[in-house]
Amino acid sequence: MTLLLSVLAVELLLDVVVLVVLLPSLLIRLLLVPLCPEVVWCGRGRQKRLALTIDDGPSGPGSEALLALLRELEVPATFFLIGTHLERDQRFPRRALQQGHDLGNHLWRDASSASLPPPLFQQQLTDTERAIARAAAPASLRWRWFRPGQGWFHRPMLDALAARSYRLVLGSIFPWDTLRPPLWFVRLFVRLNAHPGGILVLHDTPGLSGRTLDTLRCIVPDLRRRGYRFVPLKELLDPAP
């Protein structure tokens, strides 16, 4: 009996690992969406629409290559920018807006947002907002989107964001790209986890922007063959009646 219980425990553990690694989108939609309704995990409805979000930019030349590819693929994106990374390309926010993309606040440094004391969190939120707004001028920004560094959040953060009319956006399709898996795995992961209303998370850093380019060249045609289309995050979350 002890051996049987051990085998069942191992099988259960393996099933959980498979779900977490290969099918996290299912867990997000079944568990996290009802548990944390203030957080934006994905859109609603049955239309096969997706929103692309890209974190951690700008990366420098990699960001310019991403804009060129997105223009070629006709895919809109929301770029969650880090304040200190604007030093790599001060003109990127303006170019991204001119091309029809949107911008989000990813705080001042590439670090855990949840570990910041509340006053420092507020200061970094403001500093990043102002830095992006200056770089985007003369375009004016109406701030809507925030994504916490490393994805962790807590109640005081949600309250602070709500007071400033931000929406905390995470996502439902994260193909572990920061771990640099092979392209075949990314392709399989996206195929398994794509769903109507999905929010895809990729990254634009000096070390990852090239992989993001390869990923988009691969998965965008695949998704379109399956009937999916990419729309702006605003359209995905606030569809016209």
- Query: Given the rule in the side chain to side chain donor-acceptor pair (under 3.5 Å) test, do Trp143 and Asn105 qualify, once you have shown the distances and angles that lead to the verdict?
  - Reply: CA-CA 8 Å; Trp143 285 101; Asn105 191 326; over 6 Å; no
- ring-ring contact (aromatic ring centres under 6.0 Å, His included) between Phe146 and Phe121: does it pass, once the steps are laid out? CA-CA 12 Å; Phe146 170 81; Phe121 173 82; 5.6 Å; yes
- Show your working on side chain to side chain donor-acceptor pair (under 3.5 Å) between Ser25 and Arg29 and close with a plain yes or no. CA-CA 6 Å; Ser25 176; Arg29 287 178 283 153; 3.2 Å; yes
- Test side chain to side chain donor-acceptor pair (under 3.5 Å) on Gln124 and Arg109 and set out the steps. CA-CA 8 Å; Gln124 289 200 17; Arg109 301 186 186 280; over 6 Å; no
- Candidate pair Phe92 and Leu86, rule side-chain contact (heavy atoms from CB on, under 4.5 Å), full reasoning: CA-CA 8 Å; Phe92 176 79; Leu86 289 170; 5.8 Å; no
- Item | Derivation of the side-chain contact (heavy atoms from CB on, under 4.5 Å) call for Leu208 and Thr178 | CA-CA 7 Å; Leu208 290 174; Thr178 53; 4.0 Å; yes
- Task: Take Ser63 and Asp204 through the side chain to side chain donor-acceptor pair (under 3.5 Å) test and state the conclusion after the steps.
- Result: CA-CA 7 Å; Ser63 298; Asp204 174 24; 2.4 Å; yes
- Message: Apply side-chain contact (heavy atoms from CB on, under 4.5 Å) to residues Arg167 and Leu161 and explain how you reach the verdict.
- Response: CA-CA 7 Å; Arg167 301 180 73 178; Leu161 293 169; over 6 Å; no
- Taking it one step at a time, do Thr78 and Leu103 satisfy side-chain contact (heavy atoms from CB on, under 4.5 Å)? CA-CA 5 Å; Thr78 298; Leu103 305 176; over 6 Å; no
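From His203, atom NE2 reaches atom OG1 of Thr215 across 11.5 Å, with rounding to the nearest 0.5 Å. Here the straight-line distance linking atom CD1 of Ile219 with atom CG of Leu188 works out to 12.5 Å at 0.5 Å rounding. A distance of 8.5 Å separates CD1 of Ile199 from CG of Leu170, quoted to the nearest 0.5 Å. Between the CG atom in Asp56 and the OG1 atom in Thr205 there is a gap of 6.5 Å [rounded to 0.5 Å]. Between the OG1 atom of Thr53 and the CZ atom of Phe174 there is a distance of 10.0 Å, given to the nearest 0.5 Å. Once rounded to the nearest 0.5 Å, the distance linking CD of Glu64 with CZ of Arg91 reads 8.0 Å.
Within the 4.5 Å cutoff, the side chain of Ser209 has no heavy atoms near those of the Ile54 side chain. In this structure, the side chains of Leu50 and Val231 stay at 4.5 Å or more apart for every pair of heavy atoms. When side chains are defined from C-beta on, His106 does not count as touching Phe79, because their heavy atoms never get closer than 4.5 Å. Residues Pro232 and Asp102 form no side-chain contact, since every pair of their non-hydrogen atoms from C-beta on lies 4.5 Å or further apart. Inter-residue side-chain proximity for Leu32 and Leu27 is flagged as unmet; no heavy-atom pair is nearer than 4.5 Å. Between Pro76 and Leu52 the shortest side-chain heavy-atom distance does not fall below 4.5 Å. Residues Leu73 and Arg217 have side chains not in contact (no heavy-atom distance under 4.5 Å, counting atoms from C-beta outward). Residues Leu70 and His101 meet the side-chain proximity criterion, which asks for heavy atoms closer than 4.5 Å.
Smallest separation of non-hydrogen atoms from Ile28 and Ser172: CD1-CA, 3.9 Å. Scanning all heavy atoms of the two residues, the minimum distance from Pro175 to Val186 falls at CB-CG1, 4.0 Å. The heavy-atom pair separating Gln47 from Pro196 by the smallest distance is O-CB, 3.1 Å. Nearest heavy atom pair, residue Pro58 against residue Asp89, reads CG-O, 3.8 Å. The two residues Pro148 and Val169 come nearest to each other via the heavy atoms CD-O, 4.4 Å. The minimum heavy-atom distance between Asp55 and Val201, with the atom names listed, is OD2-CG1, 3.8 Å.
In this structure, the side chain of Trp41 engages the main chain of Cys36 through a donor-acceptor pair within 3.5 Å. For Arg94 (side chain) and Ala139 (main-chain N/O), no donor-acceptor pair under 3.5 Å exists by modelled atom type. Under the 3.5 Å distance criterion, the side-chain polar atoms of Ser115 are matched with a main-chain donor or acceptor of Ser112. With Ser113 contributing its side chain and Gly149 its backbone, the two residues share a donor-acceptor pair below 3.5 Å. Arg180 places no side-chain N or O within donor-acceptor distance of the main-chain N or O of Arg211, the cut-off being under 3.5 Å.
Residues Trp108 and Leu168 do not share a hydrophobic cluster, defined by chaining ILVMFWY side chains whose heavy atoms lie under 4.5 Å apart. Hydrophobic clustering (side-chain heavy atoms under 4.5 Å, transitive across Ile, Leu, Val, Met, Phe, Trp, Tyr) groups Ile173 together with Leu23. When the side chains of ILVMFWY residues are joined at heavy-atom separations under 4.5 Å, either directly or via intervening members, Ile82 and Phe153 end up in two distinct hydrophobic clusters. By the criterion of side-chain heavy atoms lying less than 4.5 angstrom apart, applied directly or through intervening Ile, Leu, Val, Met, Phe, Trp or Tyr residues, Met157 is not grouped with Leu35; the two fall into different hydrophobic clusters. Note on Trp176: it clusters hydrophobically with Leu192, by side-chain heavy-atom contacts below 4.5 Å among ILVMFWY residues.
Side-chain contact annotation: Tyr166 with Glu129, donor-acceptor N/O pair under 3.5 Å present.
Note on Arg187 versus Asp222: salt bridge recorded, some NZ/NE/NH1/NH2 to OD/OE distance being below 4.0 Å. Between Glu38 and Arg155, at least one side-chain N (NZ, or NE/NH1/NH2) sits under 4.0 Å from a carboxylate O, which counts as a salt bridge.
Under a cut-off of 6.0 angstrom, the local environment of CZ in Arg224 is crowded, with over 12 non-hydrogen atoms contributed by other residues, nucleotides or ligands. By the 6.0 Å contact criterion, CZ on Arg226 is enclosed, its count of non-hydrogen atoms from other residues, nucleotides or ligands being greater than 12. More than 12 heavy atoms of other shown residues, nucleotides or ligands fall within 6.0 angstrom of atom CZ in Arg164.
Paired with Leu69 under the rule side-chain contact (heavy atoms from CB on, under 4.5 Å), one option of Thr212, Leu213, Val75 passes, and it is Leu213.
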